[in-house]
Amino acid sequence: MHMINVFSTAVLFVILPVSPVSSLMSPQTQTKTTWKTTDLPPVIKGSSDWRDYKALKLPNGITCVLVHDKECKTTACSVSVGVGASADPRELSGLAHFAEHMCFLGSEEYPKENEFKSYLSAHGGRSNASTSMSQTCFKFDVLAPHAEQAIDIFANFFVCPLFTESGAGREVNAVDSENSKNVSNDGRRRLQILKALADPQHHYSKFSTGNKETLFTNDEQQAAFVREVLLAFHRRHYRPDNMSVVVVGPQPLNELEDFIVGRFAKMKSRHVLSKKDDDESELSLAEKLVEDCARDMPDDSFGSPSVSYNPSFKPELQGGWPLMLTTKPLQSVRQLYLYFPLPPARDLGDRSPYSIMGHLLGHEGPGSCFAVLQDAELVDAISVGPRLAEADQSLMQISVSLTEKGETYWKDVVTTLFQYCRMLEKIGRNAQNGQNSDGGESMDLETFKGIWDEICTIRRLNFHYASPNDAFSFAPNLANSVRKNGTEKCLSLGSLLNESRDTLPLDAFVDFI
């Protein structure tokens with residue numbers, strides 16, 4: 001199954017088989033309660049990583065990672081929640097994104113809507129959040145001396161949010177404004193084209209941003225129902241066992257632990273159905289709607305069962321492949337996109353064939369596909385990697401920057417890329433059979449092993465010697481990884497630390513290519 005998209009003056013798709021106030025000058029008085037936490041497997045870190053880590057689980061089920069970074073001037077905190085637009089009711093597209101917005105609008109402890117933003121603004125801080133198809137992530141940073149108060153306000157968004165009726169109406173406008181901005185973004189426009197090509201019954205096809213039309217709140221009765229569904233959605237998905245928390249700062253680990261444990265441990269699960277009780281007879285209409293749509297989203301949390309391959313792109317939906325679509329970009333670009341729907345590689349871990357596929361298809365050395373096309377003055381750059389990496393499917397993307405000549409001869413570019421893929425498949429099958437491509441004793445297997453060993457070496461060097469990201473970027477990336485990959489490998493997964501030439505995933509490579 002293959003998909004191609006050319007994005008140029010006409011673009012093609014082809015598918016082939018808070019101001020500070022006096023009450024904020026010190027943290028809210030914390031009830032001195034001893035919370036029993038559980039130590040989790042320690043984080044594997046690189047040899048040049050000076051940061052110290054501590055992983056623990058709170059008594060309510062939240063997974064936390066504390067990071068002491070002596071070089072930090074700020075403290076950053078992030079929460080990752082295992083829910084995204086895949087769990088939206090189709091009748092209320094954008095509900096997960098709407099819930100993300102509403103979480104920032106005050107809590108029982110801090111009811112003023114702009115309290116958090118005002119506090120951060122007054123103390124060198126900032127905040128943001130994002131909603132994908134499978135997760136929602138919140139983050140902020142602030143000058144380190146003011147971290148405890150900021151964490152107290154932030155934690156209460158999850159412990160006791162308000163979700164006021166007046167705030168709901170205003171945030172629908174904010175969601176609509178964000179969607180309006182996306183309409184003029186070429187990347188978001190391509191995303192909607194992909195969603196339009198997907199199986200309309202598949203969760204990937206859902207409109208993730210939302211707008212006034214999908215979150216209609218003009219009618220008073222309808223607005224009340226939307227808020228009821230929003231509250232049911234929050235109860236269903238914003239559960240302690242479905243969240244991870246990361247805090248990064250210059251404070252000692254024990255101080256960071258004091259900041260986090262007593263505040264987030266107070267969060268209770270408000271899910272109306274227990275895991276052992278599937279009786280939905282007592283659910284309200286809003287709760288039933290949320291519960292039904294929750295089943296659309298595959299579980300990608302650490303330790304969850306494997307998910308069967310469930311592709312959203314199917315040739316029968318378009319009457320067979322190949323399919324080519326041309327779209328006109330808003331910016332002047334010459335871009336070609338090829339898409340390959342493939343099975344998920346989550347269960348393969350570091351032995352995912354995507355590593356070697358991306359390396360070979362994106363390689364720029366002599367004899368590579370890129371070198372041939374560049375010598376022909378057809379391309380300026382080629383990049384390869386997953387466009388989607390969900391629990392139930394993947395979508396490999398080859399992005400090609402075309403020259404002016406390449407825009408005219410784009411078919412030659414596509415032909416060359418597929419000839420290269422077929423060559424790699426042939427060499428891979430010969431390596432499987434122990435034969436060389438010319439029928440002699442196999443050198444192909446040794447070549448593949450050498451390439452895999454080179455990839456492993458480069459990944460290990462990057463892991464051990466790369467400079468760390470700033471706390472504001474590092475905290476959300478780590479929180480998302482902790483929720484999906486567990487604490488031990490939250491940093492190292494993908495770095496191929498335990499792989500060598502003898503662990504070459506040749507069979508998977510041949511199957512996927």
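Just so it is clear, the structure is predicted and the values come from calculations on it, not from any experiment.
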Holding to side-chain contact (heavy atoms from CB on, under 4.5 Å), I want the full list of residues that pass it with Pro111, two or more places apart in sequence or in another chain.
Glu115, Leu162
Tell me whether [X] is salt-bridged to [Y], with the criterion being a basic N under 4.0 Å from an acidic carboxylate O.
{"X": "Glu178", "Y": "Arg188", "value": "no"}
{"X": "Lys288", "Y": "Asp292", "value": "yes"}
{"X": "Asp350", "Y": "Lys489", "value": "no"}

What heavy-atom pair brings [X] and [Y] nearest, and what distance separates the two atoms?
{"X": "Ser127", "Y": "Phe116", "answer": "CB-CE2, 3.9 Å"}
{"X": "Phe313", "Y": "Leu194", "answer": "CE2-O, 3.2 Å"}
{"X": "Arg334", "Y": "Glu407", "answer": "CD-OE1, 2.9 Å"}
{"X": "Val307", "Y": "Pro298", "answer": "CG1-CB, 4.0 Å"}
{"X": "Glu113", "Y": "Ser166", "answer": "OE2-OG, 4.1 Å"}
{"X": "Thr74", "Y": "Ala471", "answer": "OG1-CB, 4.4 Å"}

Partners meeting ring pair (Phe, Tyr, Trp, His ring centres under 6.0 Å) with Tyr354 (sequence neighbours left out)
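Per chain and number, Tyr354 pairs via ring pair (Phe, Tyr, Trp, His ring centres under 6.0 Å) with Phe512.
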Under the 3.5 angstrom rule, does the side chain of [X] hit a backbone N or O of [Y] as a donor-acceptor pair?
{"X": "Asn477", "Y": "Ser473", "value": "yes"}
{"X": "Ser304", "Y": "Asp299", "value": "yes"}
{"X": "His202", "Y": "Tyr204", "value": "yes"}

Please tell me if the side chains of Val290 and Glu228 come closer than 4.5 Å, counting only heavy atoms from C-beta onward.
no
Tell me, do Leu342 and Met357 make a side-chain contact under 4.5 Å, heavy atoms counted?
yes
In terms of heavy-atom contacts, does CD of Glu404 have more than 12 from other residues, nucleotides or ligands at under 6.0 Å?
no
Neighbour count above 12 (heavy atom, 6.0 Å) for Glu165 CD:
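Atom CD in Glu165 is not crowded, with 12 or fewer foreign heavy atoms closer than 6.0 Å.
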Sort out for me which residue in Phe157, Phe472, Phe154 forms a ring-ring contact (aromatic ring centres under 6.0 Å, His included) with Phe140.
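With Phe140 as partner, ring-ring contact (aromatic ring centres under 6.0 Å, His included) holds for just one option, Phe154.
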By salt bridge (charged side-chain N to carboxylate O under 4.0 Å, His left out), Asp141 pairs with (sequence neighbours left out) Arg126
First locate atom CE of Met133, then atom OG of Ser208, and finally report the distance between them rounded to the nearest 0.5 Å.
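Met133 CE to Ser208 OG: 6.0 Å, rounded to 0.5 Å.
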